[in-house]
Amino acid sequence: MCLWYTLLSSFYLMLLASKAYGSPAPRIRMPSSGLNSKPNNMAFLLSLRRRTVPSESSSRLNTSQRLFDPNPVKQEIKGLLLKYKDADKFLELKGSPSEIILPDRNATLLQSSGLDPSEESLLPPILVTSGIGKMPLTDVISGSLDLLYYGTLSVGTPPQDLTVDVDTGSADLWIPSDCSSCANKQFNKATSSSYFNNGTVFQVSYASTSKRLLILWKLNIDFLPSFLQGTGEVSAMLSTDVVSIQDLSIKHQSFGAVFSESADFDSFPNSGILGMAFSSIAASGQPTFMENLIIQKRLAAPIFSVYLTRGKETGSELCLGCIDHEKVTGDVYWIPVVSKSYWSISLDGVSVNSTAAPSSNVVAAIDTGTTLIYLPQDIASRFYDMIPGSKSAPEYGPEFYTYPCDTMFTASMSFGGENFAINGQDFNMGPVQSDSPDCVGGILSLGKDFPSNLAIIGDEFLKSWYTTFDYANGARIGFSPSINNSD
């Protein structure tokens, strides 16, 4: 009886948090045990595999697909070396930022519903009944790759609209301001009556492919010496101002006002980056925009969700405080976060069809700011060993593998004891040559410069799985089957 009460309460709370009263809320699924565990009577895994890898979008070569271009992938790998340079240290962080204090889990609502408040709720606490915001995202497409997704926020008084890459793998907000070397739209701090400059300068190194930013030095000076500047670098002033997404605003949000950047920063249309990881890894040491929304109780629930399109410039979305039921076709499956640094969960293993390669103590960072999937070297090697005819591709680099284009298979990743399929359209990065039988696979190997227990799960996976990031319930990530897979 208590279980049904809990599920009923969860269903009601999901309706409130998502504000999607016109469509049914996804059912709640909790992790089972074992890499090859079977789905229950809801036939969750079977139906998802059918939707995720239909016959016409499997790993088989699409004759209209463009040839593989290694350049953006190589740039991303270089950026990941910077972005995850301190991953071994960050992943040891287990606690959440001290500023975030969440209310008791739905105790008031449970009591008012006549339910036992001692029962653990499956959903986050409701903070306010109307606090949601939706940021439409634009997909930057290059060949067969969906490189990054960016949307618009406003900064200052009066508000100025700027575009940012939404990145769950970093925790700082950055936009250009008074930057003579910056090509994209900038924030004009001189016209904002609420702008404040705290006098701290940052020298920042980043990955040009998706504008990853990683603090290397923090200098209490008013200028950056020329000998510290160079390719792949920006300089920023730590500042505060009003930052808003739709009706959700923070009056004194910390961000980096970039005043100098190298030329390779200009190759993308977005102005800056919105870090959505935990502030325990923030270079500024300040709460993120999302954390401030929670601290100040501006959200319907302490969650945000991400929907990413496949090969479509418009339609992607960041949903703050909500779940958009129109973007999903099935249940929410929750997996606990193991480190409140990156949004990181345990990777049980990988599989090809019914053959599995288990992993041990591997932590997967769920990263909307990364394009592909990266696994520890030994796991990547075992994964491709399960695909007949696959081989390493040293002509591109030690991270790459190829496989026969006409091979039919289902690649999956296991979290919380359940398998989550990768759509073949996203896994297949294209043939190596126009007349070649070999295609390049979208799962790459992380070399010795990365922690041996780190996996990075990017947009290649997330396009098939609508993803919800929950700060409550000890912090967890929810995967729901995306409407992308019904195409």
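With hydrogens and angles ignored, the 3.5 Å screen pairs no side-chain donor or acceptor of S144 with any backbone N or O of G430. Side chain of T355 to backbone of M386: no donor-acceptor contact under 3.5 angstrom is found. Remark: side-chain polar atoms of T163 are paired, donor with acceptor, to backbone N or O of S271 under 3.5 angstrom. Side-chain atoms of S482 do not come within 3.5 Å of backbone N or O of S464 as any donor-acceptor pair. Remark: side-chain polar atoms of S344 are paired, donor with acceptor, to backbone N or O of S339 under 3.5 angstrom. S254 places no side-chain N or O within donor-acceptor distance of the main-chain N or O of Q286, the cut-off being under 3.5 Å. Although no hydrogens or angles enter the test, the distance criterion places a donor-acceptor pair under 3.5 Å between the side chain of T368 and the main chain of T168. S142 places no side-chain N or O within 3.5 Å of a backbone atom of L145 that could act as its donor or acceptor partner. Using modelled atom types, no side-chain atom of T370 and backbone atom of D367 make a donor-acceptor pair closer than 3.5 Å. Although no hydrogens or angles enter the test, the distance criterion places no donor-acceptor pair under 3.5 Å between the side chain of T402 and the main chain of V440.
The aromatic ring centres of Y403 and F427 sit less than 6.0 Å apart. Between Y333 and W465, the gap from one ring centroid to the other reaches at least 6.0 Å. Taking the six-membered ring wherever Trp is involved, the centroid distance between the rings of Y471 and F278 falls below 6.0 Å. You'll find the ring centres of F255 and F289 outside the 6.0 Å limit.
A salt bridge links D324 with K327; the closest basic N to acidic carboxylate O contact falls under 4.0 Å. For D146 and R310, the salt-bridge test fails: no basic side-chain N is under 4.0 Å from an acidic carboxylate O.
Of the N and O atoms on the side chains of T371 and E76, at least one donor lies less than 3.5 Å from an acceptor on the other residue. S284 and D172 share a donor-acceptor pair across their side chains, judged by distance under 3.5 Å alone. Side-chain polar atoms of N270 and Y149 form no donor-acceptor pair below 3.5 angstrom. Looking at D167 and S170, their side chains do bring a donor and an acceptor atom within 3.5 Å of each other. Using a 3.5 Å distance cut-off with no hydrogens or angles, the side chains of S280 and S341 do not pair a donor with an acceptor.
Here the closest heavy-atom approach between residue M429 and residue L444 is recorded as CE-CD1, 4.0 Å. F461 and I422 get closest at one heavy-atom pair: CD1-CG1, 4.2 Å. The shortest non-hydrogen separation linking P431 to S436 is CB-O, 4.4 Å. The minimum heavy-atom distance between P376 and V362, with the atom names listed, is CG-CG1, 4.2 Å. For I77 against F450, the heavy-atom pair with the smallest separation is O-CZ, 4.3 Å. The nearest pair of heavy atoms linking S177 to A257 is CB-CB, 4.0 Å.
Annotation: the span from L137 atom CG to D165 atom CG amounts to 9.0 Å, rounded to 0.5 Å. Here the CG atom belonging to L372 is positioned 9.5 Å from the CG atom belonging to D426, to the nearest 0.5 angstrom. Annotation: the span from T329 atom OG1 to N485 atom CG amounts to 6.5 Å, rounded to 0.5 Å. Of the inter-residue distances, the one linking L446 atom CG with Y374 atom OH reads 8.0 Å to the nearest 0.5 angstrom. Expressed to the nearest 0.5 Å, how far CD1 of I443 lies from OH of Y401 amounts to 11.0 Å. To the nearest 0.5 Å, atom CD1 of residue I457 and atom CD1 of residue I373 are 5.5 Å apart.
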Walk me through it: do D470 and N473 pass the test side chain to side chain donor-acceptor pair (under 3.5 Å)?
-> CA-CA 7 Å; D470 178 13; N473 299 287; 3.0 Å; yes

List the steps, then state whether salt bridge (charged side-chain N to carboxylate O under 4.0 Å, His left out) holds for K185 with D161.
-> CA-CA 9 Å; K185 183 179 179 180; D161 289 344; 5.8 Å; no

Take S279 and E291 through the side chain to side chain donor-acceptor pair (under 3.5 Å) test and state the conclusion after the steps.
-> CA-CA 8 Å; S279 62; E291 290 173 356; 2.6 Å; yes

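Side-chain contact check for R382 versus P358: some heavy-atom pair is nearer than 4.5 Å.
For Q246, the CD atom sits in a packed shell: over 12 heavy atoms of surrounding residues, nucleotides or ligands are nearer than 6.0 Å.
Listed by first and then second residue, the side chain to side chain donor-acceptor pair (under 3.5 Å) pairs involving residues 443-461 amount to none (not counting sequence neighbours).
Taking the six-membered ring where the residue is Trp, F415 and F420 present tilted rings, their angle falling between 30° and 60°.
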Listing, residues 388-399 side-chain donor-acceptor contacts under 3.5 Å, not counting sequence neighbours, or none:
from : atom 1 : to   : atom 2 : distance (Å)
S390 : OG     : Y384 : O      : 2.3
S390 : OG     : I387 : O      : 2.9
K391 : NZ     : D438 : OD2    : 3.4

